[in-house]
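Right, one structure below, let's go through it.
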Amino acid sequence: MIDIAKKTVKLSGGASVNYERAVVSPGIDFKYDALPGITESDTGMIPHAWKAGEQTWLLQNQLKVMPDGGTFLLVSPPDPFRCPPGPYERASMVAWYLKQNKPKSKIIILDQKDKFSKQALFMDGWAAEYGEMIEWRGKGAGGTISAIDVKNKTVETELGEEKGDRAGKIAVQSGLANAAGWCPVNPLTFKSAQAKDIYVIGDAAVASEMPKSGFSANSQGKIVAAGIVRELAGKEPIPAKLANTCYSLIAPDYGISVAAVYEPNEKNVAAVKDSGGLSPKTADRSVRKQEAVYAEAWYQAITKDMFS
């Protein structure tokens, strides 16, 4: 818990630490009351599996007992949400497992949006790797969910019922989040708009056009660290560019990516025109295979950068 008035942070063991400047990356939390029919306790039956640990084990076990020819329902949230390609990467991983073990099965993605990150690349990859196994239904085409029936494992959409065979609290408590549940910041410095001497980075921050990704948070953290050093030395922060790169694996040897550069200004964090880009849509399979290698190298590099 952060006491922004006393400028202290209470640790889980009960001790408190004073601070002059605090950088927080509180991540995100789940809105279990967003849809009628489901509560937090129901995640033991229809796991969201977006948090590693028990939830991912539940998902794995349900996939194992799912019959060949069954239906896997995946509900993608509206914008903004953590890791824009995440639901579609999940669908790809599940499809790869089903192709090897239960090839008669089907995946239906129910999406409250009318488009998603790297959509054309994902859909081309799905068609190439999995045929008609994955079906995406967007806004207005059966993707909008109005209720969930946990007992019967069904979801109610604007076009009727679908049945499946499975299916940062600290920021809110500390007063860093706004009414919408996100943390507004000064886009030039990432200083909290809600509290003095606190910086918010990562998924929880309102960073305009920057996606909520690990690479974004890493980039923001470096800018904030340099800014704090200059501020403590009595110097003005230096305007800096931010970046994001996101690799997605449609199969172990089939990768796609998106990259962009961002420039903070007084109002928001905007994408620099003509910077970055998507994997070429017409690339042959050798390019997709190479991007899968790049994805693994990217993961190793950013992990070393953060933790070594």
Side-chain angles (χ1 to χ4, degrees), residues 28-51 55-56 58-63 65-99 102-127 129-167 181 211-212 246 248-250 256:
I28 59 172
D29 212 342
F30 298 98
K31 292 184 176 180
Y32 292 106
D33 58 351
L35 285 173
I38 187 168
T39 64
E40 182 174 0
S41 61
D42 295 322
T43 56
M45 291 184 63
I46 49 172
H48 54 72
W50 297 119
K51 185 175 182 180
Q55 282 285 300
T56 44
L58 282 169
L59 174 60
Q60 181 188 56
N61 290 333
Q62 290 194 357
L63 285 170
V65 300
M66 175 177 152
D68 188 10
T71 301
F72 177 93
L73 290 181
L74 188 154
V75 179
S76 182
D79 291 327
F81 62 97
R82 180 180 179 272
C83 188
Y88 317 102
E89 294 171 349
R90 170 64 55 80
S92 301
M93 289 187 284
V94 171
W96 185 81
Y97 168 79
L98 294 177
K99 181 179 178 180
K102 302 174 183 187
K104 297 179 183 178
S105 301
K106 187 172 184 62
I107 297 171
I108 299 177
I109 303 171
L110 302 173
D111 207 328
Q112 301 177 65
K113 303 179 290 299
D114 54 15
K115 61 181 180 179
F116 61 89
S117 176
K118 296 183 277 192
Q119 181 170 355
L121 292 169
F122 270 111
M123 298 188 85
D124 284 353
W126 291 338
E129 290 292 313
Y130 310 115
E132 298 181 354
M133 179 181 282
I134 301 176
E135 179 183 348
W136 176 78
R137 300 180 187 176
K139 182 179 180 181
T144 302
I145 307 303
S146 57
I148 296 178
D149 186 331
V150 174
K151 182 179 179 181
N152 294 309
K153 296 183 180 177
T154 62
V155 296
E156 188 68 32
T157 78
E158 75 267 35
L159 297 184
E161 186 179 83
E162 287 291 342
K163 179 173 177 60
D165 292 278
R166 65 106 0 263
K212 297 182 183 301
C246 181
S248 299
L249 291 180
I250 289 174
I256 57 176

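Everything numeric in this text was worked out from a predicted model, so none of it was measured. We count residues from 1, following the sequence as given.
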Approximate separation, where rounding is to 0.5 Å, of [X] [atom1] and [Y] [atom2]:
{"X": "Arg137", "Y": "Ile109", "atom1": "CZ", "atom2": "CD1", "answer": "11.0 Å"}
{"X": "Thr43", "Y": "Leu58", "atom1": "OG1", "atom2": "CG", "answer": "8.0 Å"}
{"X": "Phe72", "Y": "Tyr97", "atom1": "CZ", "atom2": "OH", "answer": "11.5 Å"}
{"X": "Asp111", "Y": "Tyr88", "atom1": "CG", "atom2": "OH", "answer": "3.5 Å"}
{"X": "Leu59", "Y": "Ile46", "atom1": "CG", "atom2": "CD1", "answer": "12.0 Å"}
{"X": "Ile256", "Y": "Glu89", "atom1": "CD1", "atom2": "CD", "answer": "8.0 Å"}

Is a donor on one side and an acceptor on the other found under 3.5 Å between the side chain of [X] and the backbone of [Y]?
{"X": "Gln62", "Y": "Met45", "result": "yes"}
{"X": "Arg90", "Y": "Leu74", "result": "no"}
{"X": "Tyr130", "Y": "Ile250", "result": "yes"}
{"X": "Lys113", "Y": "Pro77", "result": "yes"}
{"X": "Lys51", "Y": "Phe30", "result": "no"}
{"X": "Lys212", "Y": "Ile28", "result": "no"}
{"X": "Asp42", "Y": "Thr39", "result": "yes"}

On a heavy-atom basis, which atom in [X] and which in [Y] lie closest, and how many Å separate them?
{"X": "Asp114", "Y": "Gln119", "result": "O-OE1, 4.3 Å"}
{"X": "Gln55", "Y": "Ala49", "result": "OE1-N, 3.0 Å"}
{"X": "Glu129", "Y": "Lys99", "result": "O-NZ, 2.7 Å"}
{"X": "Glu135", "Y": "Lys106", "result": "OE1-CE, 3.1 Å"}
{"X": "Phe81", "Y": "Ser76", "result": "CZ-OG, 4.3 Å"}
{"X": "Ile134", "Y": "Ala95", "result": "CD1-CB, 3.7 Å"}

Pro84: partners by side-chain contact (heavy atoms from CB on, under 4.5 Å), with sequence neighbours left out | Ser117, Pro211
Strictly under 6.0 Å, is that where the ring centroids of Trp136 and Phe116 end up?
-> yes
Answer whether the closest heavy-atom distance between the side chains of Asp68 and Ser105 falls below 4.5 Å.
-> yes
With Lys102 via salt bridge (Lys or Arg N to Asp or Glu O under 4.0 Å) - residues at least two apart | none
